[in-house]
Amino acid sequence: MTDASLPTPHHLPCTIGDLPVARIAEIAAFAGQRVQIRGWLHNRRSKGKLHFLQLRDGSGIIQAVLFKGDFDEATFARADHLQQESSIVVAGTVRADERAPSGFELQADGLLVVAEAHADYPISPKEHGVAFLMDHRHLWLRSRRQAAILRVRARIVKSIRDFFDSHDYVLVDTPIFTPNACEGTSTLFETDYHDQKAYLSQSGQLYSEATAMALGRVYTFGPTFRAEKSKTRRHLTEFWMVEPEAAFLDLDGVIDLAEDLVCTIAQDVLRDRGPELDLIDSIRSEAEEHRQLKLRREALAAIRKPFIRLDYADAVDQLHELGSDIPFGDDLGGDDETILTQQYDRPIFVRRYPAQVKAFYMKRDPADPVRSLSVDMLAPEGYGEVIGGGQREDDHDTLRAAIEHHKLPMAAFDWYLDLRKYGTVPHGGFGLGLERTVAWVCGLPHVRETIAFPRLMDRLRP
Ligand code: 4AD
Ligand code: MG
């Protein structure tokens with residue numbers, strides 16, 4: 001039965017004859033050949049008997065040149081009125097052209113309009129305000145800079161996974177619905193779980209500790225949630241974190257692992273995403289110019305071992321010399337991290353924070369129980385904390401006392417305490433925030449551009 005009130009279904013036309021379909025990223029392989037390219041109209045201009053269409057296919061942008069003599073009158077006239085973002089297929093011959101950014105141009109001889117875009121595409125080449133762009137994030141992603149950032153992000157994810165896979169760390173996915181807090185109770189998203197209270201996971205760490213006792217070396221990589229009441233350039237409410245955890249890994253081992261991972265990410269991105277980094281550098285807003293960031297290739301090339309290693313106490317001394325009034329014993333604030341990281345061109349590990357500013361699971365330093373065997377990695381150029389981790393409390397009674405001291409519900413942690421009852425070992429790990437890493441690698445002023453659809457305190461849409 002058909003419903004007469006529904007429009008008649010139809011297929012969109014999307015091929016021109018049986019010409020090979022070429023992707024712009026691989027266009028060099030088609031030099032001299034006739035092909036068709038399918039995508040969207042990014043921009044266009046005309047000059048006399050020529051139309052120049054900037055065609056975007058997701059993998060790149062190429063200019064198609066349409067000469068009046070090669071087209072029937074109606075098609076040529078239509079090309080002069082196509083709206084930005086119309087979906088089109090262009091057929092033509094691939095010609096090498098040194099002036100073109102891709103090194104090639106398409107000498108067009110066929111044009112198929114798949115779907116004409118409405119005339120009011122909201123994102124024009126002029127500079128828009130951030131709120132407007134965020135409201136139109138679903139379309140903003142089509143701009144070259146945003147697409148380049150997503151490509152860098154995807155490369156970083158691959159780099160992280162390859163790194164751990166090749167170091168014999170087993171990927172184990174941890175739950176998102178959890179009955180207890182990991183990182184303190186103040187930033188929990190609560191949800192109803194069949195008449196029980198559940199919380200969205202702030203970190204997979206506690207579960208990773210359990211799987212590390214089963215598999216030796218593990219990592220978890222997924223979304224984590226924090227009901228942060230912070231409107232800063234570093235905070236999302238939903239962000240991705242990779243968390244390695246290993247049995248018999250002490251604080252120094254955790255730091256070495258983090259250092260190797262970060263060097264690998266920098267090298268991989270530099271090797272495989274140079275053009276994207278250049279593009280991101282080339283389109284900077286005034287606010288970004290103001291930060292006087294390094295060119296990203298230069299910044300990444302500087303990420304070499306050994307990173308700076310400072311104990312918390314030395315970091316605070318340095319901060320005092322630099323004019324900060326941070327009280328000894330307090331956690332470093334965002335501003336302190338910024339000042340400190342501006343002193344060095346490579347990341348800094350700050351070790352042995354006071355136990356009182358860190359989570360309940362941190363192992364206390366046996367040499368000085370006021371301190372914890374914790375570490376944060378602060379990225380250069382004012383990017384601040386990208387990694388947090390350390391060695392975990394491995395003694396049953398000490399851990400039990402810490403849970404009590406933090407006023408956490410003991411019943412929710414019985415399984416976690418079991419890990420200290422049945423063959424406890426020294427162990428440790430860390431969490432690296434993906435969005436903060438992408439922001440730093442790309443030189444972005446704010447984490448909101450590092451994920452396709454950011455979730456911020458005041459943003460749940462689109
Ligand atoms: O320092 P955090 O809170 O550490 C943990 O969650 C540990 N359980 C990790 C572990 O040892 N397995 O968070 C780790 C990292 C931070 O350094 C930061 O990069 C990122 O997660 N992060 C955030 N990123 C974006 N928005 C937020 N609101 C973030 N909170 C933390
Ligand atoms: Mg932290």
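Just follow the structure's listing: the first ligand is 1, and inside any ligand the first atom is 1. FYI, the numbering just counts along the sequence from 1.
A distance below 6.0 Å separates the ring centres of Phe360 and Phe413.
For the residue pair Gln146/Arg137, the side-chain donor-acceptor check at 3.5 Å is satisfied. Checking Tyr361 against Glu183 by side-chain atom types alone, a donor-acceptor pair falls below 3.5 Å.
Residues Glu209 and Arg392 have side chains in contact (heavy-atom distance under 4.5 Å, counting atoms from C-beta outward).
With respect to the salt-bridge test (charged N to carboxylate O, under 4.0 angstrom), the residues Asp281 and Lys294 do not qualify.
Of all protein N/O/S atoms, those lying under 2.8 Å from the Mg ion (ligand 2) come to 1.
Aromatic ring pairs are classed by plane angle as parallel below 30°, tilted from 30° to 60° and perpendicular above 60°; the pair Tyr312 and Tyr353 is tilted.
With sequence neighbours left out, Arg38 forms a side-chain hydrogen bond (donor to acceptor under 3.5 Å, both in side chains) with no residue at all.
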Apply salt bridge (charged side-chain N to carboxylate O under 4.0 Å, His left out) to residues Asp135 and Arg459 and explain how you reach the verdict.
CA-CA 9 Å; Asp135 286 342; Arg459 180 164 295 279; 3.1 Å; yes
Solution key, residues 186-195 side-chain donor-acceptor pairs under 3.5 Å, sequence neighbours excluded:
| from | atom 1 | to | atom 2 | distance (Å) |
| --- | --- | --- | --- | --- |
| Thr187 | OG1 | Gln202 | NE2 | 3.1 |
| Asp192 | OD1 | Asp195 | N | 3.3 |

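The residues lining ligand 1, counting any heavy atom closer than 4.0 Å, are Glu183, Ser203, Gln205, Arg226, Glu228, Arg234, His235, Leu236, Phe239, Met241, Glu243, Tyr361, Glu385, Val386, Ile387, Gly388, Gly389, Arg392, Gly429, Phe430, Gly431, Gly433, Arg436.
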